[in-house]
2 protein chains.
Amino acid sequence: MEMCLIMKADDHDGCVLVAPQNFAMVENGIYRSSFPKPEHFGFLTALNLRSIIYLCPEPYPEESLKFYEANNIKLFQFAIESQKDPPTPIPEDTVMAALRVLVDVRNHPILIHCKAGKHRTGCLVGCLRKVQNWCWSSVLEEYQKYAGLKCRQRDMKCIETFDTVSLRQCLLSIMYRYLGYGPNRKRLLYGEENVQTPKPQATKV
Amino acid sequence: MEMCLIMKADDHDGCVLVAPQNFAMVENGIYRSSFPKPEHFGFLTALNLRSIIYLCPEPYPEESLKFYEANNIKLFQFAIESQKDPPTPIPEDTVMAALRVLVDVRNHPILIHCKAGKHRTGCLVGCLRKVQNWCWSSVLEEYQKYAGLKCRQRDMKCIETFDTVSLRQCLLSIMYRYLGYGPNRKRLLYGEENVQTPKPQATKV
């Protein structure tokens, strides 16, 4: 959430922002939460979202879809079943597809959510942390904080076995192509959004 | 943490990043954690910190001070006593002073920490959320997540009674003076850092 939200708050005196449960910022332009309801639309507006990653197979409520459309928010759905008994593994290719959307800065600011914002969302964030080279105990601590201290075996397995190499390659190709390397990062648009692409610069890593 | 951390990770293969306990991102350029130890220095380096807000009265370890100096990290200490029996209130003016440092983007990226990253840090973050117009239940949920579900009465009182008006004024004056209003935010430097100040622009709120 941008600091200029404070000014918006001043403009709309008395309008308090209700965060979805289990809401948190993951990275610049990446948020996580439980399933947002209409009472959270004001909060989502303040986040200035460009996309949402939704990790459940169930269809989305019509009211929310209308809100997203009105606010130009793109919805990416990746159907991961909730844990059954006995638990089935989380499909690797679904996680990878969701992560490719997640790390693409052209989709930022982006919100990841499932139902409770605990397990499926925690898996995706855990995989992202692995890509960022976080050690296992740091990944686990964060997962547990949002899962309410309960670890699910299938989530641990999903994060542990996630192969970071191909995702890194995907990410690097996006960064080089659209962003350049270094501190002068820009907010990026999709090609069809009529952006003037800067000339590629020779960069040294 | 910038996404380009991923590239740094590639450069230093096998160097995993150990986060301080209770670490999280609060906002763009604002982080929170427990007291960072030498094993977390690699992680702190990846955050590219410009400042640290330390909320305990105890002096800082020499080794950490050296690391901060070497990495050009400014340390702001605000001495808030840990809870005693009976608990004494958290001094309002100390919280206000810490928040003025926290919201000044010239100090970002900034890390807030106390000892456990639970109560004193939670207070400061709670006050910031109030300034951002978060509703009370959202503020409380976040506080509890890091406090290990235990609420301290004196922390609740500190957040509840915190007066957001004067902080907003302080923040707005910084934003207008150095930043302008709107989406074209820039990373700011202190005056002595030889920055070319852009001409103030007429902005309409």
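Here is how names work: the chains are called A, B, and so on, in the same order as the sequence lines, proteins then strands, and each is numbered from 1. Note that the coordinates shown come from a computational prediction; the quantities given were computed from them, not determined experimentally.
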Asker: What heavy-atom pair brings B:Ser138 and A:Ala19 nearest, and what distance separates the two atoms?
Answerer: OG-N, 2.9 Å
Asker: Contact part of B:Gln21 toward chain A, heavy-atom cut-off under 4.5 Å: side chain, backbone, both or neither?
Answerer: both
Asker: With a cut-off of 6.0 Å (strictly less than), are more than 12 heavy atoms of other residues, nucleotides or ligands near CD of A:Glu69?
Answerer: no
Asker: More than 12 heavy atoms of other residues, nucleotides or ligands under 6.0 Å from CD of A:Glu58: is that the case?
Answerer: yes
Asker: Looking only at heavy atoms, which two atoms of A:Met25 and B:Asn28 are closest? And how far apart?
Answerer: CE-OD1, 3.0 Å
Asker: Restricting to non-hydrogen atoms, name the atom on A:Lys145 and the atom on B:Lys145 that form the minimum distance, rounded to 0.1 Å.
Answerer: CG-CG, 3.5 Å
Asker: Taking atom CD of B:Glu39 as the centre, report whether more than 12 heavy atoms of other residues, nucleotides or ligands fall under 6.0 Å from it.
Answerer: yes
Asker: Check each atom of B:Val26 against the heavy atoms of chain A and say whether the ones under 4.5 Å are side chain, backbone, both or neither.
Answerer: backbone
